[in-house]
2 protein chains.
Amino acid sequence: MKIDGIDKIIIKRLVKDARTPILSIAREVGISGAAIHQRLKKLEKSKLIDGYKMVINPRSLGYTTTAFVGIFLDSSSLYSSAIKRLKDIPEIVESHYTTGNYAVFIKILCKNNEDLMHLLNKDIQNIKGVSRTETFISLDQQISRQISI
Amino acid sequence: MKIDGIDKIIIKRLVKDARTPILSIAREVGISGAAIHQRLKKLEKSKLIDGYKMVINPRSLGYTTTAFVGIFLDSSSLYSSAIKRLKDIPEIVESHYTTGNYAVFIKILCKNNEDLMHLLNKDIQNIKGVSRTETFISLDQQISRQISI
DNA sequence: AGTGAAATTCGTTTACA
DNA sequence: TGTAAACGAATTTCACT
């Protein structure tokens, strides 16, 4: 799969705004809408494009706190059952099985510190196999982007 | 800002596929396209909607490794200059200033372990003020989602 | 908040360079 | 890969409820 300059323009425009009309991109690059359409279908088929998503602003819903939580498990065999429970906690937006100190590493959004404490002490600590957690609260996010193309 | 059931359907559909035609949503909920259009503009103005993004699949570009890196800084006064340097490393997709052990916490995508080592030992360790790093490599990601509405 | 209609703009297909 | 033409579909605006 080779990507040329036109493909890059298509991708850059749609990464910025996925609802940009194809014809508007066509006018920018100076080829027909049908050609852009064709290229886009090819990019989608190649799996380079994973989809198009509306982005929700968590802040507007009161979710002002981002935190990362490292979770220690008593045994790695408890991983899949723990994941099942973690999936039921909607504030958890990412979950990884990681090398290093922790077994499970999650990213979590909370409305405030009280909610975070509740999530840690009740929802997460009560999961079978969870022995201990370590929390890193994000005070400032300076980078948020996708891999560059 | 109050969100009713119709708004939720609009959001759910567009979170799943941002290029879903408004008229297709209109047909699903049984009101006119103009009404959906109106609601959508209102949601966008309310800042609940942060935008629409094409999602790139990093794997298709060879980025098969996700890692989290905690960075220790000699002094917190070096934060802003360090961030400037981190922004120049395209593999870094998130950067946070965090409470806890680390000063800076990043999420990074790499093609392989060699690239990761190079990024850690050359690009990151050479940044002024960086004393030490701790790396957690993601072996398995089970949750990847947005905050629920 | 919603409607229906009108005007404009898009997406998609097709036949052809 | 690309184009131009054609057509159905979608977006957007507006006067009215």
Side-chain angles (χ1 to χ4, degrees), chain A residues 1-63 90 111 145-149, chain B residues 1-63 90 144-149:
Chain A
M1 185 68 203
K2 55 181 181 190
I3 310 290
D4 68 7
I6 293 178
D7 293 322
K8 285 189 184 173
I9 294 173
I10 296 170
I11 292 166
K12 271 188 187 130
R13 287 265 256 147
L14 291 173
V15 164
K16 195 181 287 177
D17 178 6
R19 288 182 74 84
T20 306
I22 281 171
L23 285 177
S24 141
I25 302 171
R27 284 187 293 269
E28 181 184 340
V29 306
I31 63 175
S32 70
I36 301 286
H37 179 259
Q38 226 170 287
R39 280 169 173 268
L40 194 53
K41 292 301 155 202
K42 200 177 186 176
L43 290 168
E44 285 168 358
K45 257 183 95 174
S46 82
K47 305 292 177 199
L48 188 134
I49 296 174
D50 216 31
Y52 306 90
K53 294 207 179 310
M54 172 191 275
V55 183
I56 305 290
N57 177 5
R59 204 164 290 270
S60 75
L61 295 168
Y63 292 87
K111 298 198 175 185
R145 63 191 175 196
Q146 293 193 55
I147 197 71
S148 69
I149 45 116
Chain B
M1 185 68 205
K2 55 180 179 190
I3 309 291
D4 67 8
I6 294 178
D7 292 324
K8 285 188 183 173
I9 294 172
I10 297 171
I11 292 166
K12 271 186 189 132
R13 288 265 256 146
L14 291 172
V15 163
K16 195 181 288 176
D17 178 6
R19 288 182 75 84
T20 306
I22 281 172
L23 283 179
S24 140
I25 303 171
R27 285 187 290 269
E28 180 184 341
V29 307
I31 63 175
S32 69
I36 301 286
H37 179 260
Q38 230 171 285
R39 280 169 173 268
L40 193 53
K41 291 302 154 200
K42 202 176 186 177
L43 290 168
E44 286 168 358
K45 259 183 92 174
S46 82
K47 306 293 177 199
L48 188 134
I49 296 173
D50 217 33
Y52 306 89
K53 296 210 178 307
M54 172 191 275
V55 183
I56 305 290
N57 176 4
R59 202 163 291 270
S60 77
L61 294 168
Y63 291 88
S144 174
R145 62 190 177 198
Q146 294 194 53
I147 197 71
S148 70
I149 44 116

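Excluded from the calculations below are hydrogen atoms, water molecules and symmetry mates; all remaining heavy atoms, backbone and side chain alike, are included. In the text below, chain A, chain B and the rest are named by the order of the sequence lines, each starting its count at 1.
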* Which pair of heavy atoms, one from A:R19 and one from B:T20, lies closest together, and at what distance? -> NH1-O, 3.2 Å
* **Out of C:dA1, C:dG11, D:dA10, whichever nucleotide has its closest atom nearest the side chain of B:L23** => D:dA10
* Structure fact -> For A:P90 and B:R145 the tightest heavy-atom approach is CA-NH2, 3.8 Å
* Structure fact -> Atom CD1 of B:I25 and atom C1' of D:dT12 are separated, to the nearest Å, by 15 Å
* Name every residue in residues 34-46 of chain B that has at least one heavy atom under 4.0 Å from any atom of DNA chain D, in order of residue number, or write none if there are no such residues. => B:A34, B:H37
* Asked: C:dG2 C1' sits how many Å from B:I6 CD1, rounded?
  -> 10 Å
* **Nearest-0.5 Å distance, CG of residue A:D50 to CZ of residue B:R59** => 10.5 Å
* Write down the atom of A:H37, the atom of A:I22, and the distance for their closest heavy-atom approach. => N-CG2, 4.2 Å
* Which pair of non-hydrogen atoms, one from A:Q146 and one from B:I56, has the smallest distance, and what is that distance? -> OE1-N, 2.8 Å
* Residue mapping more 5' on DNA chain D - nearest nucleotide basis, A:G30 or B:T20 -> A:G30
* Separation of B:D17 atom CG from C:dG11 atom C1', in whole Å? -> 14 Å
* Are B:R19 and C:dC10 close enough that a side-chain N or O sits under 4.0 Å from OP1 or OP2? -> no
* Once you round it to whole Å, what is the distance between P of C:dC10 and CG of A:L14? -> 14 Å
* Establish, with yes or no, whether the OP1 or OP2 oxygen of D:dA9 is under 4.0 angstrom from a side-chain nitrogen or oxygen of B:R27. => no
* Asked: Could you give the CD1-to-C1' distance, from B:I22 to D:dT13, as a whole number of Å?
  -> 13 Å
* Reckon B:I31 touches a base, only the sugar-phosphate, or nothing at all at heavy-atom distances under 4.0 Å? -> sugar-phosphate
* Asked: So which heavy atom on A:I9 is nearest to which on A:E28, and how close?
  -> CG2-OE2, 3.7 Å
